[in-house]
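Here the structure comes first, spelled out in structure tokens, and everything after it is commentary.
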Amino acid sequence: MKKIMDLIAEELAAAFEAAGYDREYAKVTLSNRPDLCEYQCNGAMAGAKAYRKAPIMIANDVAARLGDSPCLEEVNAVNPGFINMKIKKEYLADYLNQMSKDGDLGLETAKEPKSVVVDYGGANVAKPLHVGHLRSAIIGEGIKRLAKKMGHRVLGDIHLGDWGYQMGLIITELRERQPELPYFQEDFEGEYPKEAPFTIGELEEIYPKASGRAKEDEDYRREALEATRLLQNGHKGYRAVWRHIMDVSVADLEKNYESLNVHFDLWKGESDAQAYIPDMIERLKEEGYAHIDEGALVIDVQLESDTKEIPPCMIQKSDGASLYGTTDLATLIQRMEDYDPDQVIYLADKRQDLHFLQVFRAARKTGIVPEKTKLSFLGFGTMNGKDGKPFKTRDGGVMRLENLIAEIVDEMRGKIAENRTVAPEEAEATAKMVGMSAIKYGDLSNQASKDYVFDVERFTSFEGNTGPYILYTIVRIKSILNKYQADGRELSGLSIQPAHDENEKALMLEVVKYNDVIASAYEELALHKICAYIYDLANAFNRFYHETKILAEEDEEKRKGYIALLLLTKRVLEACIDVLGFEAPERM
Ligand code: ARG
């Protein structure tokens, strides 16, 4: 369906034209004076110069031609030249009924679906998942769902950090603890064991210990670097240990992401890019894109138009080792070959923006990525504690994701028990659902690039701009609908009626924004716009609810119309939270 604002703009464009003006001036926006009107057009002001007329004259001419508009009422030209409009109640109800009939709620999906890769999650294998990875997972999952909703073909790739120094550290520590294992016998010829020589618990103990030791013991550090190099150059035994580390960690990661309702289509990682590196480097050298600078192989990415210095993109260190940028370039080669995407969207901490600028420029310059493929970096800010510093546990350590989720769910469990509306056997699942909304909405309601404070108390509140408040609103609607049905009435075949009062109309005006909000959230990769929208929508619904007798309404047609509006409001709220990656329980 066309967006309601576009429909109004068309109407207005015809009026501009009929009055002898260019239709270009017929731009419509939401009113910034809701006390006066619902929509407005400032085109008369823009046209004043071209037509050498006072804006109010143009506005009057246009308004005069909208007198018998099927969609607008109360069209007023006001000084100095605004055109203020209200939408006809019948037209609004009709639009909402069309939305109700549409499986996509009238969303205008992409006319030419694009293929999009979303690179998010970015967990580092063998290191515990911590809150730093939370934002990438939550925002990335939302962007992926949003792109799908818009009709694009989307692949979400976790892009594991699975090839770095942490692997060398674990191998070194393991060899020291169990030198007799076959992986460490240089002359071993047989088959390596299928079972990993460690559990996830042991692995999580090994990594921090090894990492701490390497910081103090230079020999140990050198050993770990050497182990990393050998692994990357194909050492048989180390590769086998690496496989074990991968299997054990990935199983654990899957569990963690599952609990966040985050699902990847691809579980590729930095290691998958390695096969592409030698040929890439060869070609870049041959074709003159890369040159040696202070011993390292680099690609210049500075442009004349730059106002500050952009250092070159390093692709090989003097000792032959590859770097973060090398892997990202090679991964782009793989992605172009395998999926030929129209867009790749990366999620990472915003402090990585220089890295991505270098990689994107190098990829374009060398032809790895053609002009037609858009490269986007969505950098996010830090999740801070109440003290304004990066979020830590109470004793100052790195907060593990599992513990963070547990803390929120605990809080929710308490609140839900207090409310006594949920049966004990449902309470656990409900606490998890509401807890998830608290975490995700708490994150997504902020502009991604901003830092935000993770405030358990505020995020879990049932009031205010929070996930639980949105869920509470949905649950309230569900409960009304259930009561309606319990009285033996049908939920199907109902239609929304022209608004009976201002509160109902205000709710309707929010519901019709859905199409526009989803499209612009995608265009700007801005999930916080969806949060702001559902908060407004929930508020509009609750105002309507408090001022209106819904089930107690005696006029049956009127009551049916209310129920139809509730059904649609619920569907819109649910569609939005589905994009944000959480869901509503039946009761809470
Ligand atoms: N593993 C990285 C980190 O923890 C994030 C990866 C982001 N994606 C990428 N293609 N570089 O910081």
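When a ligand or atom number is given, it counts from 1 through the structure's own listing order. Just so you know, these numbers use all the heavy atoms, side chains as well, and skip hydrogens, waters and symmetry mates.
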More than 12 foreign heavy atoms under 6.0 Å from CD of E294: is that the case here?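 Counting neighbours around CD of E294, 12 or fewer heavy atoms of other residues, nucleotides or ligands fall under 6.0 Å, so no.
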Are a donor atom and an acceptor atom from the side chains of [X] and [Y] found within less than 3.5 Å of each other?
| X | Y | value |
| --- | --- | --- |
| R175 | Y238 | yes |
| Y346 | H159 | no |
| H355 | D328 | yes |

Go ahead and list the nitrogen or oxygen contacts between ligand 1 and the protein that come in under 3.5 Å, distances to 0.1 Å, or just say none.
from: ligand 1; atom 1: 1 (N); to: G122; atom 2: O; distance (Å): 2.9
from: ligand 1; atom 1: 1 (N); to: N124; atom 2: OD1; distance (Å): 2.9
from: ligand 1; atom 1: 4 (O); to: G122; atom 2: O; distance (Å): 3.4
from: ligand 1; atom 1: 4 (O); to: N124; atom 2: ND2; distance (Å): 3.1
from: ligand 1; atom 1: 8 (N); to: D119; atom 2: OD1; distance (Å): 3.1
from: ligand 1; atom 1: 10 (N); to: D119; atom 2: OD2; distance (Å): 2.9
from: ligand 1; atom 1: 10 (N); to: D328; atom 2: OD1; distance (Å): 2.8
from: ligand 1; atom 1: 11 (N); to: Y324; atom 2: OH; distance (Å): 2.8
from: ligand 1; atom 1: 11 (N); to: D328; atom 2: OD1; distance (Å): 3.4
from: ligand 1; atom 1: 11 (N); to: D328; atom 2: OD2; distance (Å): 2.9
from: ligand 1; atom 1: 12 (O); to: Q352; atom 2: NE2; distance (Å): 3.0

Classify the angle between the aromatic ring planes of Y452 and F459 as parallel (below 30°), tilted (30 to 60°) or perpendicular (above 60°).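 Judged by the thresholds at 30° and 60°, the geometry between Y452 and F459 is parallel.
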When the ring planes of Y472 and F462 are compared, do they come out parallel, tilted or perpendicular, using 30° and 60° as the limits?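 Correct class here is tilted.
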